[in-house]
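Residue numbers count from 1 along this sequence. Side-chain atoms are counted along with the backbone in the values below, which use heavy atoms only and exclude waters and symmetry mates.
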Amino acid sequence: MEKKDICCIGHITRDHIVTPRHDAYSAGGTAYYVAWALQALPRDVDFHLVTAVSGEVMPEVERLRQGGISVTAYNSPTNVFFENRYGENMDNRTQRVLAKSAPFTISQLLSTEARLYHLGTLLADDFAPEVVEYLAAKGDVSIDVQGYLRRVDGEQVVSCEWGDKLRLLRHTAILKVNEWECQTLTGLNVPFAAAEQIHDWGVREVIVTLGGGGSVVFADGRFYETPAFPPRQLVDATGCGDTYSAGYLYCRARGMDYAESSRFAAAMCTLKLEHTGPFAHSIDEVMKIAG
């Protein structure tokens, strides 16, 4: 396979999303939201998606392909099924998992070549340590930590420790965490201090998203703060963090600096918050907000 700029690896989920304003079923998961966000942007960054889905969700893969996205899809006997419930504060979410998929394996990734691999971790066992180390030997690894900090107990999603964090953070170039996640990882309740600690563990670029407080990137010994741009209406936060990752990685792949990349990513999040479903806006709309 020709080497891509970005390869996202992750399951496409079935989601039941409940907010005070709507109740809907849709596809979801990091892989899904990242892929559609990058599809909406200019094709000057080569992207590939690796996923594993059941026959029930395979039509979503075909829609991605029809949209011009390069996809490798493995068959899975079961598919991840999330229920996400939000209150008025979209930063707060409760989840149930009604079904799971099998973890990804090295054999599934042997022919995949990319400069950066973004791991769409949904649950703690999606990627064994050996898989992450294998990918890190081929390119940079980017991780959204959320999946490593949650496991399934019955149907409930419960918090858990990331037991291999020190082993894997040495192989992680970019890590995205929210305020709660960075405190959980480090035991530090100040995001700036937590970001420095994560960086000391081996991560090149640490992104901390702060909900309505914006985001901060720590890299090269310096903090880069970005405000949250208020949406015209707050509809659905599902996939917002994945949209941020897509925007940030897109910009970094184009050689943009940390500050530019985080502003662009934050602007994409603002547009995503205004509707249900994946990001579906033009780069001109993003730049109008990002400035």
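None of V131, L168, L135 except one satisfies the side chain to side chain contact (heavy atoms under 4.5 Å, CB included) rule with L119; the exception is L135.
Closest approach of I12 to T51, counting heavy atoms only: N-OG1, 3.3 Å. Nearest heavy-atom pair, K4 versus D46, reported as atom, atom and distance to 0.1 Å: CB-O, 3.8 Å. Looking at every heavy atom in both residues, F104 comes nearest to G10 through CZ-C, 3.5 Å. Scanning both residues, S261 and C251, for their nearest heavy atoms gives OG-CB, 3.2 Å. V53 approaches N79 most closely through the heavy-atom pair CA-OD1, 3.2 Å. The two residues A35 and L64 come nearest to each other via the heavy atoms CB-CD2, 4.0 Å.
Here the side chains of E205 and Y248 are in contact, with some heavy-atom distance below 4.5 Å. Under the 4.5 Å side-chain criterion, counting only non-hydrogen atoms from C-beta, V208 is not in contact with F218. Residues D44 and D5 have side chains not in contact (no heavy-atom distance under 4.5 Å, counting atoms from C-beta outward). Considering only heavy atoms from C-beta on, R14 comes within 4.5 Å of V57 through its side chain. Residues V145 and L175 have side chains in contact (heavy-atom distance under 4.5 Å, counting atoms from C-beta outward).
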For salt bridge (charged side-chain N to carboxylate O under 4.0 Å, His left out), just list the numbers for E83 and R85, CA-CA rounded to whole Å, side-chain angles, deciding distance to a tenth of an Å, and then say yes or no. CA-CA 7 Å; E83 179 186 81; R85 290 184 176 269; 3.3 Å; yes
Set out, in order, the CA-CA distance, both residues' side-chain angles and the distance that settles side-chain contact (heavy atoms from CB on, under 4.5 Å) for V177 and Q183, then state yes or no. CA-CA 9 Å; V177 296; Q183 181 175 351; over 6 Å; no
Determine, stepwise, if the pair Y258 / D220 fulfils side-chain contact (heavy atoms from CB on, under 4.5 Å). CA-CA 10 Å; Y258 308 118; D220 294 337; 2.9 Å; yes
Verify side-chain contact (heavy atoms from CB on, under 4.5 Å) between Y86 and V18, making sure each step is shown before the conclusion. CA-CA 6 Å; Y86 297 91; V18 182; over 6 Å; no
Please walk me through it: do F81 and H16 pass side-chain contact (heavy atoms from CB on, under 4.5 Å)? CA-CA 8 Å; F81 187 4; H16 180 201; 4.2 Å; yes
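Shown here are the side-chain contact (heavy atoms from CB on, under 4.5 Å) partners of D257, two or more places apart in sequence or in another chain: A259, E260. Under the rule for a side-chain contact (heavy atoms from CB on, under 4.5 Å), the partners of L110 that lie at least two apart in sequence or sit in another chain are I106, Y134. With sequence neighbours excluded, no residue forms a side-chain contact (heavy atoms from CB on, under 4.5 Å) with E161. The ring pair (Phe, Tyr, Trp, His ring centres under 6.0 Å) search around Y117 returns none, not counting sequence neighbours. By the ring pair (Phe, Tyr, Trp, His ring centres under 6.0 Å) test, Y244 is found to be paired with no residue, residues two or more places apart in sequence or in another chain being considered. Partners of F264 under the ring pair (Phe, Tyr, Trp, His ring centres under 6.0 Å) rule, at least two apart in sequence or in another chain, are Y250.
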Pairs under 3.5 angstrom only: tabulate donor-acceptor contacts from the side chains of residues 284-291 to other protein residues two or more places apart or in another chain.
unit_1, atom_1, unit_2, atom_2, d
E285, OE1, S282, N, 2.8
E285, OE1, S282, OG, 3.4
E285, OE2, H281, ND1, 3.3

Can you give each donor-acceptor pair under 3.5 Å made by side-chain atoms of residues 221-230, sequence neighbours left out, with the distance rounded to 0.1 Å?
unit_1, atom_1, unit_2, atom_2, d
T226, OG1, S262, OG, 2.6

List the atom pairs, donor and acceptor, that lie under 3.5 Å between side-chain atoms in residues 188-203 and the rest of the protein, sequence neighbours left out.
unit_1, atom_1, unit_2, atom_2, d
H199, ND1, V203, O, 2.8

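Between the side chain of T243 and the main chain of K272, no donor-acceptor pair closer than 3.5 Å is present.
Expressed to the nearest 0.5 Å, how far CD1 of I283 lies from CE of M268 amounts to 9.0 Å. Going from atom CD1 of I143 over to atom OG1 of T30 covers 11.5 Å, rounded to the nearest 0.5 Å. Put simply, CG on N178 and CG on L210 are 8.5 Å apart, with the number rounded to the nearest 0.5 Å.
By the neighbour-count criterion of 12 heavy atoms within 6.0 Å, atom CZ of R43 is densely surrounded, having more than that number from other residues, nucleotides or ligands.
Among residue pairs with one or both ends in residues 63-75, those qualifying as side-chain hydrogen bond (donor to acceptor under 3.5 Å, both in side chains) are H48-S70, H48-T72, E60-R63, E62-R65; sequence neighbours excluded. The salt bridge (Lys or Arg N to Asp or Glu O under 4.0 Å) analysis of residues 129-141, with sequence neighbours excluded, yields the pairs E113-K138, E130-R167, E133-R167, D140-R204. For residues 141-150, the pairs satisfying side-chain hydrogen bond (donor to acceptor under 3.5 Å, both in side chains) are Q95-R150, H118-S142, D144-K176, with sequence neighbours left out.
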